[in-house]
Amino acid sequence: MTNLFASDPAAVAQEAKIENDDVVIAKSRIILRRFLRNRTAVAGLAIFLALTLLSFIGGFFSGWDKEAIDPLNIGTPPSGEHLLGTSQAGIDLYALTVEGTRISILIGLVVGLVSVLIAAVYGCTMAYFGGKVDKVMLFILEALIMMPALLVVAVATSGGGIGLKKNLPSWLLLIIVLLVFSWMGTARLIRSLSLSLMQRDFVKAARYMGVPPRRIVWRHLVPNIGSLLVLDITRGVTGAILAEVAFSFIGIGIKVPDVSLGVLIGQATSQVSTFPWMFWVPLAVMFLLTGSLAMMNDGLRDAFDPSSGSIGSANGSARTGKTQKTAKKKST
């Protein structure tokens, strides 16, 4: 009598071979492996995380803050009491740098993340509805692109925005202004990509099945342009930090008593020969911030690109490990 529940040895061996050799790796895990295999990108991530952590907890390592004045050490170079020296007003430069780095990173992260989110929603909405909705939204987009961002920033942070300046700190006001002008280019690119996705079968099937537009945008359009969004976030953070430094340097960005890297660089420019540490310390921090973000961006671009061979294959280590195990079994 045949046992219907008996296992086939050949089938069991085939399943074991599939489990051991043909492992299905998730896309996110492949991207993470490729990113971690890029030493330059990992170094950039480490530098950025270290600066971010220092900006939030660095104040606990010093007995001075950005408002305390040391009358006995005015404009002194780095010493044991003041690690990075003092300003011409007798304020500890280490405390000012920590505070300025925190404000600059905060501006970069908020503007970089929120602007990409706005661009994704706006661009996907244009592509999904099309027709008159697309034309009206595209007209608004083009009008915002043509607005002079530098003039608006100058008016909002100077005399023209005196009412806002009384109610909002200058760094928060700069974030709002940068958010208004930092998402339009990404939205146009997302619109063009989403228009091509709208012709795909899975999007058409979702529309025919009566799936709500909001769910189609979030479940089908946004995930398929996720790699672009991630890259735009790193570029947006870099652009926001550089914009803050540029605007504060020329006097239309962050205003005293608020502190940022741009404010510190701008204040020390005229005295670089007299107090060089006041100029080079915040400038070095700015270069570390933007340079680490650029290194991360390059690593993410290579990780998302399946045709890139600059960092090897994602499962190269797994294959190497399996080869070594097979060699050991044969030797035994």
Side-chain angles (χ1 to χ4, degrees), residues 100-127 133-195 217 221-222 225-226 228-256 258-263 265-266 286 289-290 293-294 296-297:
T101 304
R102 180 167 65 250
I103 294 298
S104 296
I105 291 178
L106 180 63
I107 292 174
L109 291 177
V110 173
V111 174
L113 291 171
V114 177
S115 63
V116 171
L117 179 62
I118 295 173
V121 174
Y122 198 90
C124 290
T125 303
M126 294 170 63
V133 175
D134 181 43
K135 292 181 180 179
V136 173
M137 296 180 70
L138 187 60
F139 174 78
I140 297 174
L141 188 65
E142 297 290 347
L144 289 175
I145 291 177
M146 290 186 293
M147 289 183 64
L150 184 62
L151 181 60
V152 174
V153 172
V155 172
T157 59
S158 300
I162 189 66
L164 294 175
K165 289 175 62 178
K166 291 182 179 179
N167 301 323
L168 297 175
S170 59
W171 61 267
L172 183 57
L173 185 59
L174 183 61
I175 286 178
I176 296 174
V177 176
L178 290 178
L179 281 176
V180 174
F181 295 100
S182 59
W183 59 273
M184 287 88 74
T186 304
R188 293 184 63 180
L189 180 58
I190 291 175
R191 171 183 174 271
S192 62
L193 294 176
S194 299
L195 285 174
V217 170
L221 297 184
V222 173
I225 56 176
L228 172 67
L229 298 181
V230 173
L231 294 176
D232 277 335
I233 287 175
T234 56
R235 284 194 292 262
V237 174
T238 306
I241 292 176
L242 291 176
E244 179 276 317
V245 172
F247 289 148
S248 301
F249 181 81
I250 61 179
I252 62 173
I254 305 295
K255 303 289 186 180
V256 179
D258 295 326
V259 182
S260 70
L261 293 178
V263 171
I265 295 173
M286 186 201 71
L289 271 179
T290 55
L293 287 168
M296 291 168 54
N297 186 267

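Everything quoted here is computed from the prediction, not taken from an experiment. All residue numbers refer to positions in the sequence shown, counting from 1. Note that these values count all heavy atoms, side chains included, but never hydrogens, waters or copies made by symmetry.
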Least distance between heavy atoms, Ala240 atom then Gly108 atom: CB-CA, 3.7 Å
Side chain proximity check, Val222 to Leu229, heavy atoms < 4.5 angstrom: yes
Check: Leu261 and Leu289 side chains under 4.5 Å, non-hydrogen atoms: yes
Residue pair Asp258 / Val263, side-chain heavy-atom distance below 4.5 Å: no
Minimum-distance pair of heavy atoms, taken over all atoms of Glu244 and Leu174: CG-CD2, 3.8 Å
Trace of the side-chain contact (heavy atoms from CB on, under 4.5 Å) decision for Thr125 with Arg191: CA-CA 8 Å; Thr125 303; Arg191 171 183 174 271; over 6 Å; no
Donor-acceptor pair, side chain of Thr234 and main chain of Leu231, under 3.5 angstrom: yes
Worked check of side-chain contact (heavy atoms from CB on, under 4.5 Å) between Leu228 and Leu193: CA-CA 10 Å; Leu228 172 67; Leu193 294 176; 3.3 Å; yes
Ser104 side chain to Thr101 backbone, donor-acceptor under 3.5 Å: no
Interatomic spacing from CD1 in Ile252 to OG in Ser170 - rounded to 0.5 Å: 12.5 Å
Distance in Å, Glu142 CD paired with Met137 CE, rounded so as to fall on 0.5 Å steps: 13.0 Å
Side-chain touch Met126/Tyr122, heavy atoms, less than 4.5 angstrom: yes
Name of the residue among Ile190, Val121, Ile118 meeting side chain to side chain contact (heavy atoms under 4.5 Å, CB included) with Trp183: Ile118
Student check: side-chain heavy atoms of Ser115 and Ile233 closer than 4.5 Å: no
Residues Thr290, Leu242; criterion side-chain contact (heavy atoms from CB on, under 4.5 Å); working and verdict: CA-CA 8 Å; Thr290 55; Leu242 291 176; 3.6 Å; yes
Ile145 and Arg188, any side-chain heavy atoms less than 4.5 Å apart: yes
Shortest non-hydrogen contact from Ile265 toward Met286: CD1-SD, 4.3 Å
Gap separating the CD1 atom of Ile241 from the OG atom of Ser260, nearest 0.5 angstrom: 11.0 Å
Residue pair Ile107, Ile254: steps toward the side-chain contact (heavy atoms from CB on, under 4.5 Å) verdict: CA-CA 11 Å; Ile107 292 174; Ile254 305 295; 3.9 Å; yes
